[in-house]
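These figures come from a predicted structure and were not determined experimentally.
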Amino acid sequence: SQSPSKLPTQQPSVSQQPSRSPSHHPTSSHLPSVSIQPTTMLYQMQRGSALVALYDATNGDEWNDSTNWLSDAPICDWNGIDCNNDDDVIEIDLYYNNLQGSIPSEMGLLINLECL
């Protein structure tokens with residue numbers, strides 16, 4: 001029964017040790033952040049592609065308000081796009097904006113979309 005009590009004691013000391021010896025822990029914690037960054041970049045590219053596909057598939061040139069669409073402005077500043085604090089597209093509100101056509105399948109790339 002002393003071993004289980006030692007294990008929880010050892011776990012906090014393990015989490016405290018990397019603070020004291022940064023040579024080991026930052027390497028292991030740095031690797032996940034490196035693998036996350038390309039995923040984030042890929043998601044941002046897919047997000048943009050999905051919205052461009054929406055614009056193209058619904059005759060975006062004829063929308064009532066296409067402010068910032070297809071521009072260099074951040075996607076979260078495009079008309080009708082709402083994002084969360086992580087800049088994930090969570091809502092697209094283009095009601096009464098004269099969209100014509102079908103919703104493209106690329107919209108499935110917007111994995112955090114809650115409302116369309």
Contacts of Leu116 that satisfy side-chain contact (heavy atoms from CB on, under 4.5 Å) - sequence neighbours left out
Ile92, Ile103, Met107, Leu113
Under 4.5 Å side-chain linkage, directly or through intermediates, the cluster mates of Tyr96:
Tyr95
Might you point out which heavy atoms bring Ser102 and Ala57 nearest each other, and give the distance in Å?
O-CB, 3.5 Å
How would you list, by chain and number, every residue that makes a side-chain contact (heavy atoms from CB on, under 4.5 Å) with Asn85, sequence neighbours excluded?
none
Listing request: all disulfide bond (SG atoms under 2.5 Å apart) pairs with a residue in residues 54-102, at least two apart in sequence or in separate chains.
Cys76-Cys83
State, with a plain yes or no, whether a side-chain heavy atom of Leu94 is found less than 4.5 Å away from one of Asn79.
yes
Any residue meeting side chain to side chain donor-acceptor pair (under 3.5 Å) with Asn68, in chain and number order, not counting sequence neighbours
none
State the OG-CH2 distance between Ser71 and Trp78, to the nearest 0.5 angstrom.
6.5 Å
Just how far is it from atom CG of Asn59 to atom CG of Asn97, taken to the nearest 0.5 Å?
11.0 Å
With sequence neighbours left out, what residues match Glu114 under side-chain contact (heavy atoms from CB on, under 4.5 Å)?
Ile90
By the disulfide bond (SG atoms under 2.5 Å apart) test, which pairs, at least two apart or in different chains, include something from residues 85-116?
none
Would you please name every residue forming a side chain to side chain donor-acceptor pair (under 3.5 Å) with Asp65, sequence neighbours left out?
Thr67
According to side chain to side chain donor-acceptor pair (under 3.5 Å), who are the partners of Asp82, at least two apart in sequence or on a separate chain?
none
Listed by chain and number, what are the ring-ring contact (aromatic ring centres under 6.0 Å, His included) partners of Trp63, not counting sequence neighbours?
Tyr55, Trp69
Distance from Asp87 atom CG to Ile75 atom CD1, nearest 0.5 Å?
9.5 Å
Determine the sole option in Leu70, Leu109, Ile81 for which the side-chain contact (heavy atoms from CB on, under 4.5 Å) test with Leu51 is passed.
Ile81
